[in-house]
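Notes to accompany the following structure.
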Amino acid sequence: MSLDEVYRQVIMDHYQNPRHRGRLEEPTLSAGLHNPTCGDELRLDLKVDEEGVVRDAVFEGQGCSISMAAASMFTDAVRGKSLGEANRIAESFKDLLMRRSSDRSALGELEALEGVAKFPARVKCATLVMNAFEKAVQSLSEGGGSGHVQA
Amino acid sequence: MSIAARREDFPLLATQMHGHRLAYLDSAATSQKPRAVLDAVRRYYEEDNANVHRGVYELAARATQDYEDARETISSFIGAAAEEIVFTRGTTESINLVARSYGEKVLGPGTNVVTSAAEHHSNLLPWQQAAWAHGAEVRYVALAPDGSVSPDALAEVVDAGTRVVALAHASNVMGTVADISAAAEIAHAYGAVLAVDAAQSVPHRPIDVRALGADFLSFSGHKMCGPTGIGALFGRADLLAAMQPVYYGGEMIEEVTLQGATWKETPWRFEGGTPNIAGAVGMAAAADYLRSVGMEAIHEHEVELANYLAQRIREVPGVVVYGPKGQRDSGVVTFNLDGVHAHDLATALDTEGVCVRAGHHCCQPLMRQLQASSTARASVYLYNDREDVDQLVDALVKAKEFFHRVAR
């Protein structure tokens with residue numbers, strides 16, 4: 001097993017130069033997640049317009065290169081997408097890491113994380129941002145509408 | 001006098017990992033098992049298995065004998081009497097048992113439990129919950145810069161309201177070892193008891209509960225070459241005798257009526273339900289095995305190896321080693337490599353056959369104090385040798401080169 005298969009250059013680039021790091025003043029959706037087994041922390045803020053399109057997506061947190069690179073890539077990938085499309089990206093990504101058949105078309109750079117599937121203990125690092133996304137969306141359906149939803 | 005590493009006694013260590021020799025450096029999490037333990041568990045199931053304390057037939061008598069012999073072995077391993085040993089699932093259950101049963105008896109408004117921020121969550125949460133449930137306060141002793149608890153700092157917080165001082169003997173993160181005798185003196189001077197989390201010390205050094213002055217002492221079988229799911233609580237005979245059971249059910253009663261019940265004597269009143277008989281047999285076999293090697297010799301071997309390990313990894317530029325600056329007194333070495341997250345490092349080491357722990361080691365308050373969200377931890381045992389350490393160092397250098405290359 002080679003490290004190069006997991007730690008592709010593009011991953012380390014996102015880790016060291018995260019694309020959308022920060023917090024939003026008034027996020028439409030927001031969720032924080034903590035991975036209790038490793039101590040990784042992540043908060044995802046989304047600005048979603050009335051059409052349900054993600055206008056802004058940023059994250060803040062600390063963790064390993066896999067979790068931080070995935071967050072950077074995911075926030076990149078969902079900008080300009082509808083919540084439904086963003087959800088499909090999250091699902092496709094999880095399929096990829098669970099070695100199920102996956103729709104790779106919308107994954108973009110996230111596809112570079114495919115090698116993580118070879119390290120089962122690290123899959124949860126890669127999917128931390130997707131889980132935060134799902135938690136944020138869930139808070140929307142539970143909260144029943146727009147506005148500032150803190151999860 | 002040091003020993004030669006006992007690698008050949010442990011079948012699993014012959015396993016190849018990702019095409020490499022296995023360097024298992026995570027014994028603080030769990031130890032590997034020697035053939036003697038595996039054989040003892042198998043022999044028990046093949047020759048003596050029956051339920052204990054109830055059958056009148058020969059086989060049941062043999063199972064009961066095996067189980068009670070195991071209690072005798074474990075008690076003598078730590079200098080206690082057999083009736084002072086309660087078999088549990090492990091350290092966590094042992095501490096929960098004391099915190100609930102003894103806590104219920106002594107904790108209330110105006111009283112306090114003293115512990116530290118360096119405790120494993122399993123020696124922190126049971127005491128927090130017990131104290132808060134009874135309106136008592138939880139106090140934390142200030143830690144020295146290396147994460148250790150000094151007797152002076154302890155004396156600052158213990159007072160007449162203190163009922164329990166709960167401390168780890170050896171830290172699972174910092175590699176520091178507390179002066180338990182001094183802590184016992186301080187606790188006893190105020191009429192408090194000392195409850196020791198000995199999960200990281202009983203497997204690695206000679207323990208005499210009387211010499212330590214411990215009133216309660218908790219440890220696990222699986223960290224001392226025994227099976228998982230078995231552990232023990234030592235409790236001073238007079239303290240156990242005054243405590244209520246926590247688990248009600250079969251095996252722990254004297255007489256049951258529809259109006260009430262009376263309990264068996266200690267320690268059996270704390271062992272409701274069919275116990276982990278094979279586990280106890282395996283744990284006792286582990287104690288016998290460790291004693292045949294010699295606990296003092298094991299301790300010296302580990303300290304020598306940990307010093308070598310700390311010194312070697314410090315030679316790698318960018319490595320930060322936590323814990324004692326000088327000589328080490330346990331086999332635990334916690335570290336970080338600058339610019340590489342501990343998880344990424346552990347994955348990289350894994351590909352070279354090296355097993356280390358990465359994360360917060362169930363010590364979130366301590367990690368906050370260290371301002372490290374995650375660290376890597378290597379821990380050695382009697383089966384580790386310099387080859388394991390050298391393999392770690394080589395893998396560390398390789399990992400460092402790799403991450404610096406891909407980070408360009």
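The two atoms that bring B/Arg405 and A/Gln9 nearest to each other are O-NE2, 3.8 Å, heavy atoms only.
The neighbour count for A/Asn17 CG, taken as heavy atoms of other residues, nucleotides or ligands under 6.0 Å away, is above 12. Surrounding CZ of A/Arg8 are at most 12 heavy atoms belonging to other residues, nucleotides or ligands under 6.0 Å away.
Below 4.5 Å, heavy atoms of chain B meet no heavy atom from residues 81-101 of chain A. Contact annotation for residues 50-72 of chain A against chain B (heavy-atom separation below 4.5 Å, listed by residue number): A/Gln62, A/Gly63, A/Cys64, A/Ser65, A/Ile66.
Ring geometry for B/Phe402 versus A/Tyr7: interplanar angle over 60°, hence perpendicular rather than tilted (30 to 60°).
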Legend entry - side-chain contact (heavy atoms from CB on, under 4.5 Å) evaluation trace for A/Asp40 with B/His341: CA-CA 10 Å; A/Asp40 282 7; B/His341 191 277; 3.7 Å; yes

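For residues 17-31 of chain B, the pairs satisfying salt bridge (Lys or Arg N to Asp or Glu O under 4.0 Å) are B/Arg21-B/Asp385, B/Arg21-B/Glu387, B/Arg21-B/Asp388, B/Asp26-B/Arg377, with sequence neighbours left out.
Interatomic distance, CZ of B/Phe403 versus CD of A/Gln16, reported as 10.5 Å (0.5 Å rounding).
For A/Asp4, the parts lying near chain B are the backbone and the side chain together; criterion is any non-hydrogen pair under 4.5 Å.
Residues that satisfy the side chain to side chain donor-acceptor pair (under 3.5 Å) test with B/Thr347, not counting sequence neighbours, are A/Arg122.
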